[in-house]
Amino acid sequence: MKNIKLYVACFSFVFAMAGCDDITNLNNNPNEPDDTVNYNLNDPRLASTLRAGIPMEGDDEQRIKSLMLDYFAQIADGGNFSTKNYVMNEDWNRRMYRRVQSNVSSLNIVIRNLLPEIEDYRHTIAVAKIWRVFTQASGVDYFGPIPFAQYTVVEDNPPYMSVEDNYNEFFRELEEAVNMLGQESTNPIFISSNSDLLYGNSVAKWRAFANSLRLRYALRLSEVDVERCKTEAKKAIESGVMADRSGNAYLPPKANGDWGQDYNYTMFQITWGGAINMTQTFEKLVTNIGGADFPKDIFNKRNAKKTPLSNIHPEKVDLRATAMFDPAFDTGDWKGVTYGLPTAEYNATVAKSCAEMGFLYNNGTPYKSRPYDVMLFEEVCFLKAEAIERGFVTGDAKAEYEKGVQASFATWGQSAIAADDYLKSNEKNLAGTSANYDDFEEFGAATGNTRLEKIITQKYIAAFPDVSFESWNDKRRLNLPRFDVGAYRYEAQYVATNKDIKDPSNFIRRVQYPEQENQINKVEYDKGVKLLGGPDQSNTPIWWDKSKNYCTSVK
């Protein structure tokens with residue numbers, strides 16, 4: 001038996017030799033890496049940070065985005081939760097804080113690992129730098145001063161950094177990344193273009209995105225450092241921001257059937273059955289503006305009975321709004337929820353008696369794969385329009401404003417003719433703002449219709465629903481657009497009797513640090529509070545928020 005086994009083995013070996021031109025790889029250990037395979041583990045690490053840079057998974061997205069940012073921006077109402085009354089939630093605050101810190105840490109590892117091979121990986125490093133800034137800026141604008149771990153050194157407990165110093169680093173990193181993307185590299189950004197969820201390995205689009213972010217952050221400084229605002233805005237525009245809608249930054253959900261991987265608003269409203277409602281603030285801003293008749297053929301697509309439109313709706317409306325919101329599930333009414341109702345007054349009938357998100361179906365089926373808007377061309381247009389209108393840069397503010405409106409109309413499936421008619425209309429919304437750029441009032445004598453109010457109102461509508469963070473940032477920076485003061489706010493920090501819409505202190509300024517930071521990282525936490533310049537409360541403004549008021553609406 002041993003002889004037979006030896007014969008078979010020898011025959012097999014000879015046969016293998018005869019069938020191969022090169023048998024040198026027989027001497028290689030298949031379990032050890034060699035230089036014929038790309039073992040760059042930074043590629044999947046970087047790809048994973050794209051989703052982690054914003055709260056996309058179900059748990060975090062609902063708590064951070066739908067039940068905090070959307071409330072603060074009054075752009076949608078996700079249910080009966082006290083965060084709309086500016087009451088903080090420790091668990092939810094920890095989720096955002098942890099997400100930012102862990103994502104920056106992962107990006108630091110990518111950059112640190114690739115820097116020794118910068119000639120080959122300059123485009124990859126540049127994208128990691130851009131996303132690192134995007135992630136950190138979200139945390140800074142949410143909390144104020146927070147740690148910003150560096151990739152040049154390994155820090156066990158990174159110190160808190162002021163908001164101003166964070167922004168200085170943002171501009172420096174973005175400029176460096178744009179310069180790197182303008183140079184040749186022997187390698188693409190990612191090994192596979194499928195790993196680049198935003199731009200499919202397009203260096204040009206990443207470059208425009210970086211410049212567009214730089215413009216966004218430049219305008220953030222408009223009230224605290226106007227000269228820096230001008231300098232950064234000018235550099236961003238000259239270097240090349242998004243030129244059209246093909247540059248839009250989208251992140252697709254995984255949509256693979258796993259829990260929490262669908263487009264999240266579809267999951268919340270359709271899978272979970274909880275309506276995401278229109279607010280009265282949003283209703284007031286879209287009522288009558290543009291002068292188009294309210295379409296009578298819309299109905300509630302979530303209700304199997306296809307609840308038709310009732311007689312409770314505006315006579316004229318911004319047509320985008322009727323694509324954004326369906327009539328109420330039960331009543332067919334098209335109206336908004338009163339903002340900030342106390343928990344005891346927010347009863348079970350509110351959700352089903354007010355207009356709810358209506359864009360969550362695609363060809364009759366739940367739109368689970370709808371991409372998440374990260375930054376859109378229309379926002380870039382409105383950023384440029386503001387910068388030009390306020391004299392920060394040169395250009396045609398009206399042209400940029402109108403391009404932004406036209407792009408937003410296209411995003412929401414409205415015709416170019418409808419957009420043109422809208423832009424010619426002097427019909428005013430319930431805040432007193434019209435769409436026609438030439439129909440305006442000067443700030444000193446205005447009643448809701450300054451050009452800045454037009455720009456920010458249109459930027460607000462165009463941000464719905466995914467970019468509501470920017471709407472809250474504008475509200476804090478400019479007190480625009482016009483918001484309702486909450487029916488109830490946390491009384492320990494907000495004066496309940498003051499309902500003045502022109503008083504910025506009536507609206508939430510920031511999110512408190514997680515209490516856990518005070519408990520386990522007290523030395524650095526205390527430094528962060530000192531850098532904040534006020535108590536760790538939700539009514540303490542952060543550095544770029546100077547509590548300015550540009551709202552001139554009288555109601």
Side-chain angles (χ1 to χ4, degrees), residues 54-55 60-78 81 83-89 92-93 95-97 99-100 134-135 137-144 146 163 213 216-217 219-224 265 276 278-282 285 339-340 372-376 379 382-383 386 452-453 455-486 489-490 493-494 501 503-512 537-551:
I54 55 177
D60 282 2
E61 203 281 349
Q62 186 193 36
R63 290 153 176 78
I64 298 169
K65 177 68 169 64
S66 181
L67 302 182
M68 293 188 79
L69 289 173
D70 289 357
Y71 283 159
F72 304 159
Q74 297 194 28
I75 209 163
D77 185 294
F81 296 90
T83 39
K84 74 174 66 176
N85 311 120
Y86 305 159
V87 177
M88 296 288 96
N89 185 298
W92 301 0
N93 293 359
R95 287 171 183 266
M96 181 63 169
Y97 195 88
R99 175 174 289 274
V100 171
F134 175 82
T135 299
S138 298
V140 170
D141 294 340
Y142 203 78
F143 295 107
I146 59 173
V163 174
L213 284 179
R216 173 191 278 182
Y217 301 144
L219 268 291
R220 199 86 85 235
L221 274 54
S222 67
E223 310 309 306
V224 68
Y265 290 111
I276 310 294
M278 179 171 65
T279 64
Q280 281 189 357
T281 286
F282 196 90
L285 294 177
Y339 183 72
Y372 192 101
D373 300 336
V374 176
M375 190 174 196
L376 303 180
E379 180 190 341
F382 295 127
L383 288 168
E386 180 188 346
L452 185 58
E453 283 170 310
I455 293 168
I456 304 301
T457 296
Q458 293 301 324
K459 186 181 177 187
Y460 178 83
I461 297 170
F464 175 87
D466 294 331
V467 198
S468 60
F469 200 162
E470 286 308 301
S471 299
W472 182 39
N473 289 334
D474 281 340
K475 184 62 181 176
R476 292 183 286 170
R477 179 172 65 96
L478 304 169
N479 198 28
L480 290 176
R482 176 245 176 260
F483 277 15
D484 286 344
V485 176
R489 293 155 293 155
Y490 181 46
Q493 296 176 20
Y494 298 87
I501 61 173
D503 182 353
S505 68
N506 278 321
F507 307 100
I508 187 168
R509 317 314 295 176
R510 62 180 286 271
V511 173
Q512 290 175 214
Q537 297 180 171
S538 61
N539 63 345
T540 300
I542 64 176
W543 173 70
W544 51 255
D545 173 6
K546 307 309 291 182
S547 298
K548 293 290 187 70
N549 173 61
Y550 290 89
C551 176

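Ion pairing between a basic and an acidic side chain is recognised when a charged N comes within 4.0 Å of a carboxylate O; R220 and E470 show such pairing.
Between I508 and Y494, some side-chain heavy-atom pair lies under the 4.5 Å cut-off. Between Y217 and F134 there is a side-chain heavy-atom pair separated by less than 4.5 Å. The closest side-chain heavy-atom distance from P504 to R509 is below 4.5 Å. Side-chain atoms of R476 and D141, non-hydrogen and from C-beta on, do get closer than 4.5 Å to each other. At least one side-chain heavy atom of E386 sits less than 4.5 Å from a side-chain heavy atom of L219. Under the 4.5 Å side-chain criterion, counting only non-hydrogen atoms from C-beta, I146 is in contact with V140. At a threshold of 4.5 Å between non-hydrogen side-chain atoms, the residues I501 and V485 count as touching. By the 4.5 Å heavy-atom criterion applied to side chains, K459 and E379 are counted as neighbours.
In terms of modelled atom types and a separation under 3.5 Å, the side chain of N479 and the main chain of N549 share no donor-acceptor contact. Although no hydrogens or angles enter the test, the distance criterion places a donor-acceptor pair under 3.5 Å between the side chain of K475 and the main chain of P481. Checking side-chain atoms of T279 against main-chain N and O of D77 turns up no donor-acceptor pair under 3.5 Å. A distance-only check finds a donor-acceptor pair linking the side chain of Q493 to the backbone of S538 [under 3.5 Å].
In terms of heavy atoms, A73 sits closest to S471 at CB-CB, 4.0 Å. Residues G139 and V100 approach most closely at CA-CG2, 3.8 Å, considering heavy atoms. Here the shortest heavy-atom pairing between L376 and A462 reads CD1-O, 4.3 Å. Here the shortest heavy-atom pairing between G144 and I542 reads CA-CG2, 3.6 Å. M96 and F143 make their closest contact through CG-CE1, 3.9 Å (heavy atoms, listed as atom of the first residue, atom of the second, distance). Taking all atoms of both residues into account, the shortest heavy-atom contact from C551 to R482 is SG-CB, 4.2 Å.
Taken to the nearest 0.5 Å, the CD atom of E453 stands 5.5 Å off from the CG atom of L480. Atom-to-atom distance recorded for I461:CD1 and I456:CD1 is 12.0 Å, nearest 0.5 angstrom. To the nearest 0.5 angstrom, D70 atom CG is 11.5 Å from K84 atom NZ. Taking CD of Q512 as the reference point, atom CE of M88 lies at 6.0 Å (rounded to 0.5 Å). In this structure, R510 CZ and Q537 CD are separated by 9.0 Å, a value rounded to the nearest 0.5 Å.
Taking the six-membered ring where tryptophan is involved, the planes of Y86 and F72 are perpendicular, since the angle between them exceeds 60° and thus also 30°. The aromatic rings of F464 and F282 lie tilted to each other, with the angle between the two planes from 30° to 60°.
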How far apart are the C-alpha atoms of F507 and Y339, what are their side-chain angles, what is the distance that settles it, and do they pass the ring pair (Phe, Tyr, Trp, His ring centres under 6.0 Å) test?
CA-CA 12 Å; F507 307 100; Y339 183 72; 8.4 Å; no

Determine, step by step, whether D466 and Y265 satisfy the side-chain contact (heavy atoms from CB on, under 4.5 Å) criterion, reporting the C-alpha distance in whole Å, the side-chain angles of both residues, the deciding distance to 0.1 Å, and the verdict.
CA-CA 9 Å; D466 294 331; Y265 290 111; 3.5 Å; yes

Assess the residue pair V467 and M375 against the criterion (side-chain contact (heavy atoms from CB on, under 4.5 Å)); give the C-alpha distance rounded to whole Å, side-chain angles, the decisive distance to 0.1 Å, and a yes or no.
CA-CA 7 Å; V467 198; M375 190 174 196; over 6 Å; no

Could you give me the CA-CA distance, side-chain angles and deciding distance for N85 and Y490, then say whether side-chain contact (heavy atoms from CB on, under 4.5 Å) is met?
CA-CA 6 Å; N85 311 120; Y490 181 46; 5.8 Å; no

Before you tell me yes or no, could you show the steps for Y550 and E223 under side-chain hydrogen bond (donor to acceptor under 3.5 Å, both in side chains), namely the whole-Å CA-CA distance, both residues' side-chain angles and the distance that decides it to 0.1 Å?
CA-CA 11 Å; Y550 290 89; E223 310 309 306; 2.7 Å; yes

Verdict with reasoning, Y460 to D474, per side-chain contact (heavy atoms from CB on, under 4.5 Å):
CA-CA 9 Å; Y460 178 83; D474 281 340; over 6 Å; no

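Side-chain polar atoms of T83 and N89 form no donor-acceptor pair below 3.5 angstrom.
Each of F81, Y142, F469, W472 was checked for a side chain to side chain contact (heavy atoms under 4.5 Å, CB included) with M68, and the lone residue meeting it is Y142.
T135 pairs by the side-chain hydrogen bond (donor to acceptor under 3.5 Å, both in side chains) definition with N103, not counting sequence neighbours.
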